[in-house]
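Counting convention: from 1, in listed order, for ligands and their atoms alike. Quick note: residue numbers are just sequence positions, from 1.
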Amino acid sequence: MISIKTLGQFIIEKQADFPYAKGELSRLLRDIGIAAKIVNREVNKAGLVDILGTNGDSINVFGENQKKLDVYADEQFISALKSGGECCFVASEEQEEGVVLTDAGISKNAKYIVCIDPLDGSSNIEVNVSVGTIFSIYRRKSAVGEDITEDDYLQTGLEQVAAGYIIYGSSTMLVYTTGKGVNGFTLDPSIGEFCLSHPNMKIPETGKIYSINEGNYIKFPQGIKNYIKYCQEEDKETYRPYTSRYIGSMVADIHRNLLMGGVFIYPQTAAQPNGKLRLMYECNPISFIIEQAGGKASTGGERILELKPTELHQRVPAIIGSTKMVDKVLEFLN
Ligand code: AHG
Ligand code: MN
Ligand code: MN
């Protein structure tokens, strides 16, 4: 008989890793899993229904066009977190200010903060290419009943209690960590459950894939330009030339590199001195997962997880992936 372990069963089993926990984090993770299934259903239908295209005049805090599914995903996750009652504050890419949930009576005792990119890679929806969701969970520092302050939601990545992503790809997967390794679950649409398919995921120490938007080459720091040339040189011992793979959905690029080995780079450019990707709901959660899988994540100068955030929508340069490949990039930069 085939034995299947669902995400729900796995989360309950793992609660034993936290003997003093009361199951609140488990419930929070379960709520995120449920919202993910709802978003997945809509993402799968994207080519069918009139949900495609931009959402009228709605633009997000960065002045980018918001696609309808960005808005939909944002609403679904926030509403799941609100009704679940374990989350007191959500910081979302799609909301300029964080959303305080403690006013809604149900969340008044909630202890957790969630930072989320509800739909990552949204420009890929219209062309049927993988997109994702990225989330990060912190324990609030203020006491229950007190106001939520910056100390609660601007914590360093090292203080994350859990982080994960969902990839809506050729199959839909949820990958997460609570700081004790990384586990991946594939959605079985026939039973509507995420099933443990990738236990204890480890990123290869090195690989042959580099992922960077080379269209920006001319604006890259010299060290990155030199690294790209290094990737393209022939060398049997290090399996070069490497392969270039860039999807444009961070989740999808990271997921492939996690499985196959590789390095993902979104550097600073002259025009964007902090790069493009956001610390709180893109780089921190992904860095936590990659480090937990044995990889490395750096801005080029510092370990991403050690950065002290100064604002919710802060951007940081990112070099994330197989340890030896990240180290090689750093050699070129320093
Ligand atoms: P989002 O859709 O949430 O705004 O994120 C898009 C991000 C990330 O997923 C991707 O790696 C990167 O932007 C791609 O940017 P470029 O098109 O500049 O390469
Ligand atoms: Mn994103
Ligand atoms: Mn997004």
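- Panel note: side chain Q155, backbone R139; a donor-acceptor pair is recorded below 3.5 Å.
- Under the rule for a ring pair (Phe, Tyr, Trp, His ring centres under 6.0 Å), Y266 has no partner lying at least two apart in sequence or in another chain.
- The side chain to side chain donor-acceptor pair (under 3.5 Å) check on N109 picks up nothing, with sequence neighbours excluded.
- Relative orientation of the Y153 and F89 rings is parallel, given thresholds of 30° and 60° on the angle between their planes.
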Side chains of residues 176-184: which donor-acceptor pairs under 3.5 Å do they make with residues two or more places apart or in other chains?
from : atom 1 : to   : atom 2 : distance (Å)
T177 : OG1    : G179 : N      : 2.9
T177 : OG1    : G181 : O      : 2.7
N183 : OD1    : N200 : N      : 2.8

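- The shortest N/O to N/O separation between S123 and ligand 1 does not fall below 3.5 Å.
- Contacts between D120 and ligand 1, counted as non-hydrogen atom pairs separated by less than 4.0 Å, involve both the backbone and the side chain.
- Judged purely by atom type and a 3.5 angstrom limit, R30 has no side-chain atom pairing as donor or acceptor with the backbone of I12.
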query = Should T269 and N216 be marked as a side-chain hydrogen bond (donor to acceptor under 3.5 Å, both in side chains) after you check the CA-CA gap, both sets of side-chain angles, and the distance that decides it?
reply = CA-CA 8 Å; T269 63; N216 295 327; over 6 Å; no

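- Listing protein N, O or S atoms at distances below 2.8 Å from the Mn ion (ligand 3), with waters left out, gives E93 OE1, D117 OD1, L119 O.
- Both the backbone and the side chain of S122 come within 4.0 Å of ligand 1, judged by heavy-atom distances.
- Residue N216 has no N or O atom closer than 3.5 Å to an N or O atom of ligand 1.
- Of the possible polar contacts, one joining the R140 side chain to the A143 backbone as a donor-acceptor pair under 3.5 Å is found.
- Per-residue contacts place E282 under 4.0 angstrom from the following atoms of ligand 1 (heavy atoms of the residue considered): 3 (O), 5 (O).
- Annotation: L277 places no N or O atom under 3.5 Å from an N or O atom of ligand 1; distance criterion only.
- By the criterion of a heavy-atom distance under 4.0 Å, the side chain of R278, and not its backbone, is placed next to ligand 1.
- Backbone and side-chain nitrogen or oxygen atoms of M250 are examined, and one is located within less than 3.5 angstrom of a nitrogen or oxygen of ligand 1.
- The N, O or S atom of E282 with the smallest distance to the Mn ion (ligand 2) is OE2.
- Using a 4.0 Å cut-off to heavy atoms of Y246, the atoms of ligand 1 that qualify are 11 (O), 12 (C), 14 (C), 15 (O), 16 (P), 19 (O).
- Residue E93 places at least one N or O, backbone or side chain, under 3.5 Å from an N or O of ligand 1.
- Using a 30° and 60° split on the angle between ring planes, F264 and Y246 fall in the parallel class, below 30°.
- The neighbour count for N128 CG, taken as heavy atoms of other residues, nucleotides or ligands under 6.0 Å away, does not exceed 12.
- The distance from ligand 1 to the heavy atoms of L119 drops below 4.0 Å at these ligand atoms: 2 (O), 3 (O).
- Near N213, with a cut-off below 4.0 Å to any heavy atom, the atoms of ligand 1 are 16 (P), 17 (O), 18 (O), 19 (O).
- No more than 12 heavy-atom neighbours from other residues, nucleotides or ligands sit within 6.0 angstrom of CD on E234.
- Side-chain atoms of T156 do not come within 3.5 Å of backbone N or O of L307 as any donor-acceptor pair.
- Within ligand 1, counting atoms from 1 as listed, the ones closer than 4.0 Å to a heavy atom of D117 are 3 (O).
- Side-chain N or O atoms of S136 include none that pairs as donor or acceptor with a backbone N or O of Y281 at under 3.5 Å.
- Polar contact with ligand 1: absent for D253 (N/O pair, distance under 3.5 Å).
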